[in-house]
**Student:** 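Shown below is the structure under consideration.
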Amino acid sequence: MKKKNKTALIFGVTGQDGAYLSKFLLKKNYVVHGVKRRHSSINTYRIDDIYRDQFGKKKNFQLHYGDVTDSLSIHNIIKKVKPNEIYNLAAQSHVAVSFELPEYTTNADALGTLRILETIVKIDKNIKFYQAGSSEMFGKVVESPQNEKTPFYPRSPYGAAKLYSHWITINYREAYKLFACNGILFNHESPLRGETFVTKKIVSGLCRIKNGNQKKLYLGNLYAKRDWGHAEDYVEAMWKILQHNMADDFVISTGKQYSIKQFINMVAKQLSMKLKWKGAGINEKAYDENKNCVIECNIKYFRKSEVDTLQGDYSKAKKILKWKPKHNINSLIKDMVDHELNLLFK
Ligand code: NAP
Ligand code: GDD
């Protein structure tokens, strides 16, 4: 008898990771259902190509209106879709914005996870659950690099909400014997990254400056260090976490870290732009070959409490899941720069 295709349900399907994960799972012959929020304008640009690819074919990709702050919608969708696996990627994911919207961020990023877990317990305890945890939970790091045993010290409402989700996922695993797992993912980027995250802001800003479409880029702290990977590699890790024979938690990272300033210099190099840095602190600026100031710092982009340094140790995932990143920082930047230049030339 032919084996039935697995069904996955993705909360947060319209985001960067939702789009990459949908494509990854469809290639693995999953039937993919995604939950999208109602917007006043269309915001499905990251997954529109999946729809287009489906014309004339069996529909293996379906969207449902829902919201992780709305228990009824969660219940109704899970009951209807009957998924084998749920990926909870839904979140107010911007750390700086979480200081402006702390209550909403907590509702979506912490209680949203609880609502899904409770629904799984009520409807079908066999549904596997993936929680999109974050290296932001390590916050003011107590050791470097960070692994699954490193103590947490969140530095934002976002980090604190993700930490609640981390522990409630473990609690439901232990209390109800759910196959519920946490991925503790370090920063991952791609051409589909949201416009206000620093890598995308730098790549699109410098491409536009190089092309004459923009004069200057305004940034915040240039000396924070991040461990940046590619979203394409990280969604594979999410899937691997749910295919392991036992529910567990994994750090997913590259093990390498760079400062924002180093990232800027690497992007400039790929664009053959020669940047000269002058000044210090808030007055540090970058100038191009024609002595035009192209990068300036602005106090509004500094965090109320910063996460200064993040660097992950992914050896557990490497050993147990046989996962390792395929991309490095140069191939990540090249992918992002090529995409941006293509858009500009279109
Ligand atoms: P993203 O691009 O911001 O996508 C977030 C997704 O969540 C979007 O589809 C968004 O929908 C949806 N969402 C937000 N609030 C919601 C709500 N109340 N109900 C239902 N859906 C809601 O984020 P990402 O980079 O893909 O990250 C995916 C997940 O991994 C997030 O939980 C993030 O916190 C976590 N994470 C990300 C990274 C990273 O570096 N990218 C690292 C660690 C963890 P709209 O399109 O309608 O806004
Ligand atoms: N966004 C932004 N904009 N960040 C800036 C800017 C700027 O203009 N200038 C400097 N930064 C610094 C921030 O202060 C931070 O230290 C660093 O760049 C990275 O900022 P983001 O790209 O916004 O990412 P993040 O590290 O705060 O959060 C991302 O990664 C987390 C995993 O560690 C998000 O994707 C989170 O959802 C994710 O959990």
Side-chain angles (χ1 to χ4, degrees), residues 10-21 34-39 41-47 64-70 73-74 77 87-98 101 104-105 107-109 111-113 115-116 130-139 146 154-156 158-159 161-162 165 182-190 192-202 205 217-231 234-235 238 251-253 259-261 263-264 295-298 300-310 312:
I10 304 175
F11 287 89
V13 73
T14 53
Q16 169 189 259
D17 292 3
Y20 278 99
L21 181 63
V35 178
K36 67 166 181 175
R37 297 192 288 175
R38 194 267 161 184
H39 279 258
S41 49
I42 294 170
N43 78 324
T44 52
Y45 72 96
R46 292 184 175 107
I47 46 176
H64 309 262
Y65 280 111
D67 195 302
V68 291
T69 62
D70 179 331
S73 71
I74 295 173
I77 293 167
Y87 295 84
N88 179 27
L89 313 181
Q92 188 302 93
S93 72
H94 204 285
V95 174
V97 173
S98 78
L101 298 174
Y104 173 72
T105 302
N107 193 356
D109 299 13
L111 292 181
T113 310
R115 292 184 184 104
I116 298 173
Y130 172 85
Q131 165 56 19
S134 166
S135 50
E136 272 293 307
M137 298 186 299
F138 295 122
Q146 297 83 51
R155 294 275 279 170
S156 62
Y158 169 84
K162 285 284 180 184
S165 283
N182 290 295
I184 307 172
L185 271 53
F186 283 63
N187 299 49
H188 45 281
E189 319 294 313
S190 75
L192 299 185
R193 186 58 145 150
E195 302 290 336
T196 57
F197 295 97
V198 78
T199 56
K200 179 77 168 180
K201 210 174 145 183
I202 293 165
L217 174 63
Y218 293 92
L219 294 169
N221 179 7
L222 301 175
Y223 291 95
K225 288 183 181 161
R226 289 291 182 273
D227 177 335
W228 282 295
H230 197 302
Y234 286 37
V235 299
M238 294 177 189
V251 160
I252 301 297
S253 65
S259 68
I260 313 298
K261 189 172 169 181
F263 189 88
I264 296 170
I295 298 177
E296 228 177 83
C297 293
N298 189 308
K300 83 171 184 189
Y301 295 117
F302 283 74
R303 302 270 157 96
K304 288 182 173 62
S305 47
E306 179 63 287
V307 170
D308 295 315
T309 174
L310 287 174

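All heavy atoms count here, side chains included; hydrogens, waters and symmetry mates do not. Counting starts at 1 for both ligands and their atoms, following the listed order.
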**Student:** Would you say Asn187 and Arg193 are linked by a side-chain donor-acceptor pair, where the criterion is simply a distance under 3.5 Å?
**Tutor:**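 Not at all, the side chains of Arg193 and Asn187 share no donor-acceptor pair under 3.5 Å.
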**Student:** Using heavy atoms and a threshold below 4.0 Å, how should the contact between Arg193 and ligand 2 be classified: side chain, backbone, both, or neither?
**Tutor:** side chain
**Student:** Going by heavy atoms, is Arg193 under 4.0 Å from ligand 1?
**Tutor:**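 Checking ligand 1 against Arg193, which is what was asked, there is a heavy-atom contact under 4.0 Å.
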**Student:** If you count the atoms of ligand 1 from 1 in the order shown, which ones are under 4.0 Å from a heavy atom of Ala91?
**Tutor:**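 Answer for ligand 1: 5 (C), 7 (O), 13 (N), 14 (C), 15 (N), 31 (C), 32 (O), 34 (O).
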**Student:** Please list the nearest protein heavy atom to atom 38 (C) of ligand 2 with its residue and the distance rounded to 0.1 Å.
**Tutor:**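 Result for atom 38 (C) of ligand 2: Tyr158 OH, 3.5 Å.
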**Student:** Checking side-chain polar atoms at under 3.5 Å, does Gln131 have a donor or acceptor matched by the opposite partner on Asn88?
**Tutor:** yes
**Student:** Go through the steps for His94 and Phe197 under the test ring pair (Phe, Tyr, Trp, His ring centres under 6.0 Å), then give the verdict.
**Tutor:** CA-CA 8 Å; His94 204 285; Phe197 295 97; 4.9 Å; yes
**Student:** How far is atom 40 (O) of ligand 1 from its nearest protein heavy atom, and which residue and atom name does that atom have?
**Tutor:** His188 N, 2.9 Å
**Student:** Between Thr199, Asp17, Leu111, Thr44, which one has a non-hydrogen atom sitting closest to atom 26 (O) of ligand 1?
**Tutor:** Asp17
**Student:** Taking 4.0 angstrom as the limit and counting only heavy atoms of Ser135, give me the atoms of ligand 2 inside it, by number and element.
**Tutor:**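 Those qualifying, in numeric order: 32 (C), 33 (O).
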**Student:** Below 3.5 Å, N or O to N or O, backbone or side chain included: is there any such pair between Gly18 and ligand 1?
**Tutor:**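 Looking only at distances, the answer is no, because the N/O contact criterion of under 3.5 Å is not met.
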**Student:** Which residue and atom name correspond to the protein heavy atom nearest atom 10 (C) of ligand 2, and how close is it?
**Tutor:** Asn221 O, 3.2 Å
**Student:** When you check the side-chain N and O atoms of Asn221 and Glu306, is any donor under 3.5 Å from an acceptor?
**Tutor:**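 Yes.
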**Student:** Starting from atom 15 (C) of ligand 2, which protein heavy atom do you reach first, and at what distance in Å?
**Tutor:** Arg226 NH2, 3.4 Å
**Student:** Give a yes/no verdict on whether any heavy atom in Ser135 is under 4.0 Å from an atom of ligand 1.
**Tutor:** no
**Student:** What atoms of ligand 2 come closer than 4.0 angstrom to any heavy atom of Thr196?
**Tutor:** 1 (N), 2 (C), 3 (N)
**Student:** I need the nearest protein heavy-atom contact for atom 36 (N) of ligand 1: residue, atom name and distance, please.
**Tutor:**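 Residue, atom and distance for the closest contact: Tyr158 OH, 3.9 Å.
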**Student:** In the protein, which heavy atom is nearest to atom 30 (O) of ligand 1, and how far is it?
**Tutor:**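 Going atom by atom, the protein heavy atom closest to atom 30 (O) of ligand 1 ends up being Ala132 CB, 3.4 Å.
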**Student:** Could you list the atoms of ligand 1 found under 4.0 angstrom from a heavy atom of Gly15?
**Tutor:** 2 (O), 4 (O), 8 (C), 9 (O), 26 (O)
**Student:** Give a yes/no on ligand 1: does Lys36 have at least one heavy atom closer than 4.0 angstrom to it?
**Tutor:** no
**Student:** Could you tell me which atoms of ligand 2, counted from 1 in the order shown, lie closer than 4.0 angstrom to a heavy atom of Val95?
**Tutor:** 27 (O), 28 (O)
**Student:** Could you tell me, atom by atom, which parts of ligand 1 come under 4.0 Å of a heavy atom of Asn187?
**Tutor:** 40 (O)
**Student:** Among all protein heavy atoms in this structure, tell me which lies nearest to atom 7 (C) of ligand 2, with the distance rounded to 0.1 Å.
**Tutor:** Lys201 NZ, 3.7 Å
**Student:** Show which atoms of ligand 2 fall inside a sub-4.0 Å distance from at least one heavy-atom site of Leu310.
**Tutor:**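 Close to Leu310: 33 (O).
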**Student:** If you take the nearest heavy atom of each of Leu222, Asn187, Val198, which one is closest to atom 24 (O) of ligand 2?
**Tutor:** Asn187
**Student:** Tell me, which protein residue and heavy-atom name are nearest atom 9 (N) of ligand 2, and how many Å apart are they?
**Tutor:** Gly220 N, 2.8 Å
**Student:** What is the closest protein heavy atom to atom 6 (C) of ligand 1, and at what distance does it sit?
**Tutor:** Gly12 CA, 3.7 Å
**Student:** Nearest to atom 14 (O) of ligand 2, what protein heavy atom do you find, and at what distance?
**Tutor:** Glu306 OE2, 2.6 Å
**Student:** Output yes when the distance from some N or O of ligand 1 to some N or O of Asp67 is under 3.5 Å, and no in every other case.
**Tutor:** yes
**Student:** Between Ala224 and ligand 2, find which residue part has any heavy-atom pair under 4.0 Å and reply side chain, backbone, both or neither.
**Tutor:** side chain
**Student:** If you take all heavy atoms of Ala231 and Ser190, which pair is closest and at what distance?
**Tutor:** CB-CB, 4.1 Å
**Student:** Heavy-atom distance to atom 21 (P) of ligand 2: which of Arg303, Glu195, His94 wins?
**Tutor:** Arg303
**Student:** Which is it for Phe302 and ligand 2 at heavy atoms under 4.0 Å: side chain, backbone, both or neither?
**Tutor:**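 Under 4.0 Å from ligand 2, Phe302 contributes no heavy atoms.
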**Student:** Would you please classify the geometry between the Phe263 ring and the Trp228 ring as parallel, tilted or perpendicular, with 30° and 60° separating the classes?
**Tutor:**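 The arrangement is tilted - the two ring planes meet at 30° to 60°.
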**Student:** Note the single closest protein heavy atom to atom 17 (C) of ligand 2, along with its residue, its atom name and the distance in Å.
**Tutor:**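 Atom 17 (C) of ligand 2 sits closest to the protein heavy atom Ile260 CD1, 3.7 Å.
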**Student:** Which of the atoms of ligand 2 are close to Ser93, meaning less than 4.0 Å from one of its heavy atoms?
**Tutor:**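 In order of number, 34 (C), 36 (C), 37 (O).
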**Student:** Give the minimum heavy-atom separation between Ser98 and Thr105, together with the two atoms involved.
**Tutor:** CA-OG1, 3.6 Å
**Student:** Counting heavy atoms only, which part of Leu219 comes closer than 4.0 Å to ligand 2: side chain, backbone, both or neither?
**Tutor:**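 Near ligand 2, Leu219 shows its backbone as well as its side chain.
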**Student:** Give a yes/no verdict on whether any heavy atom in Trp228 is under 4.0 Å from an atom of ligand 1.
**Tutor:**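 No.
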**Student:** If you measure from atom 16 (C) of ligand 1 to every heavy atom of Arg46, Arg37, Gln16, which option wins on shortest distance?
**Tutor:**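 Nearest heavy atom to atom 16 (C) of ligand 1 lies in Arg37.
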**Student:** Enumerate the atoms of ligand 1 whose separation from the nearest heavy atom of Asn43 is less than 4.0 angstrom.
**Tutor:**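 That gives atoms 45 (P), 46 (O), 47 (O) of ligand 1.
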**Student:** Salt bridge (charged side-chain N to carboxylate O under 4.0 Å, His left out) for Glu136 and Arg303? Distances and angles first, verdict last.
**Tutor:** CA-CA 13 Å; Glu136 272 293 307; Arg303 302 270 157 96; 5.2 Å; no
**Student:** With heavy atoms of Ser134 as the reference, note each atom of ligand 2 found under 4.0 Å away.
**Tutor:**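 Matching atoms, with element in brackets: 31 (C), 32 (C), 33 (O), 38 (C), 39 (O).
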